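This report concerns only the one structure given below.
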Amino acid sequence: MNTAIYPGSFDPITLGHLNIIRRAASIFDKVIVCVMVNSVKNPMFTLDERVELINRVVSRLNNVQVETFSGLLAEFAEQHEPAVIVKGLRAVSDFEAEFQMALINKKINPKLDTLFLTASEKYTYLSSSVVKEMARYGADLSEFVPYEIIDDVLAKSGNRR
Ligand code: PNS
């Protein structure tokens with residue numbers, strides 16, 4: 001079975017993430033969305049909350065499962081071998097950090113490859129940070145996050161529709 005691991009902090013999941021998940025799910029037999037700790041970010045949602053939000057959004061994608069792991073990505077991947085990492089690339093500015101992470105992961109686990117999917121042009125501007133900033137001002141999030149989680153993101157930011 002061809003398995004892809006799509007890791008990220010997903011704080012919260014955006015329409016850009018969902019686009020990558022859908023496309024990976026049409027290429028691979030199974031996609032594991034892995035909600036992880038990014039040590040340089042200060043999250044709005046707990047890991048468990050993020051898992052719950054993503055589960056709600058991907059419930060109709062039969063070959064997608066959502067997990068969380070607080071260790072190294074390379075270790076998580078080892079538990080699911082053979083699997084590849086899938087990442088989305090929005091712009092050249094993403095490339096340097098993503099290239100470095102792919103190389104570090106391969107250094108830790110030489111069998112582990114990273115495949116990059118180019119973000120849909122519609123979503124190149126989009127990030128979880130932009131979503132959180134917009135939510136703080138009570139903006140319309142319908143073009144940024146899946147509709148199933150809009151209320152949760154606004155509520156967490158102290159706003160309601
Ligand atoms: O969505 P993000 O915040 O860009 O995702 C980054 C993430 C969570 C995939 C990355 O920080 C990560 O892999 N964290 C797990 C710890 C790890 O394996 N670090 C080594 C790679 S530098």
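Since the structure is predicted, the reported quantities are computational estimates derived from the model, not experimental observations. Indexing begins at 1, ligand by ligand and atom by atom, following the structure's order.
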Practice problem: Check the pair D11, N38 against side chain to side chain contact (heavy atoms under 4.5 Å, CB included), reporting the backbone distance first and the verdict last. | Solution: CA-CA 10 Å; D11 184 49; N38 182 333; over 6 Å; no

Practice problem: State the atoms of ligand 1, each with its element, that fall below the 4.0 Å cut-off from a heavy-atom position in M36. | Solution: 8 (C), 15 (C)

Quiz item: Under 3.5 Å, N or O to N or O, is S9 touching ligand 1 that way?
Solution: yes

Quiz item: Would you say E81 has more than 12 foreign heavy atoms packed within less than 6.0 Å of its CD?
Solution: yes

Self-check item: Atoms in ligand 1 flagged as close to V37, the criterion being non-hydrogen separation under 4.0 Å
Solution: 8 (C), 11 (O), 14 (N), 15 (C)

Quiz item: Should the ring pair F95 and F99 be called parallel, tilted or perpendicular, given that the plane angle runs from 0 to 90° and is split at 30 and 60?
Solution: parallel

Practice problem: For atom 22 (S) of ligand 1, grab the closest protein heavy atom and report residue, atom and distance to one decimal in Å. | Solution: M101 CG, 3.7 Å

Quiz prompt | Over 12 foreign heavy atoms within 6.0 Å of CD, Q79 | solution = yes

Quiz item: Do K87 and ligand 1 have an N or O pair less than 3.5 Å apart?
Solution: no

Self-check item: Side chain, backbone, both or neither: the part of K41 lying under 4.0 Å from ligand 1 by heavy atom
Solution: side chain

Practice problem: For S128 and P12, indicate whether the former's side chain and the latter's backbone hold a donor-acceptor pair under 3.5 Å. | Solution: yes

Quiz item: N/O of N105 under 3.5 Å from N/O of ligand 1, yes or no?
Solution: no

Self-check item: Closest protein heavy atom to atom 19 (N) of ligand 1, given as residue, atom name and distance to 0.1 Å
Solution: L72 CD2, 3.8 Å

Quiz item: Which atom pair, heavy atoms only, marks the closest approach of M44 to S157?
Solution: CE-OG, 3.6 Å

Quiz prompt | Identity and separation of the nearest protein heavy atom to atom 7 (C) of ligand 1 | solution = G8 CA, 4.5 Å

Quiz item: Do you know the tightest heavy-atom contact between D152 and F45?
Solution: O-CZ, 3.9 Å

Quiz item: Of all the atoms in ligand 1, which lie at a distance below 4.0 Å from a heavy atom belonging to G71?
Solution: 15 (C), 16 (C)

Quiz item: What residue and atom, counting heavy atoms only, is the protein's closest point to atom 6 (C) of ligand 1, and at what distance?
Solution: N38 ND2, 3.8 Å

Exercise. Return the residue, atom name and 0.1 Å-rounded distance of the protein heavy atom closest to atom 18 (O) of ligand 1.
Key: L73 N, 2.8 Å

Quiz item: Which class fits the ring pair F10 and H17: parallel under 30°, tilted 30 to 60°, perpendicular over 60°?
Solution: perpendicular

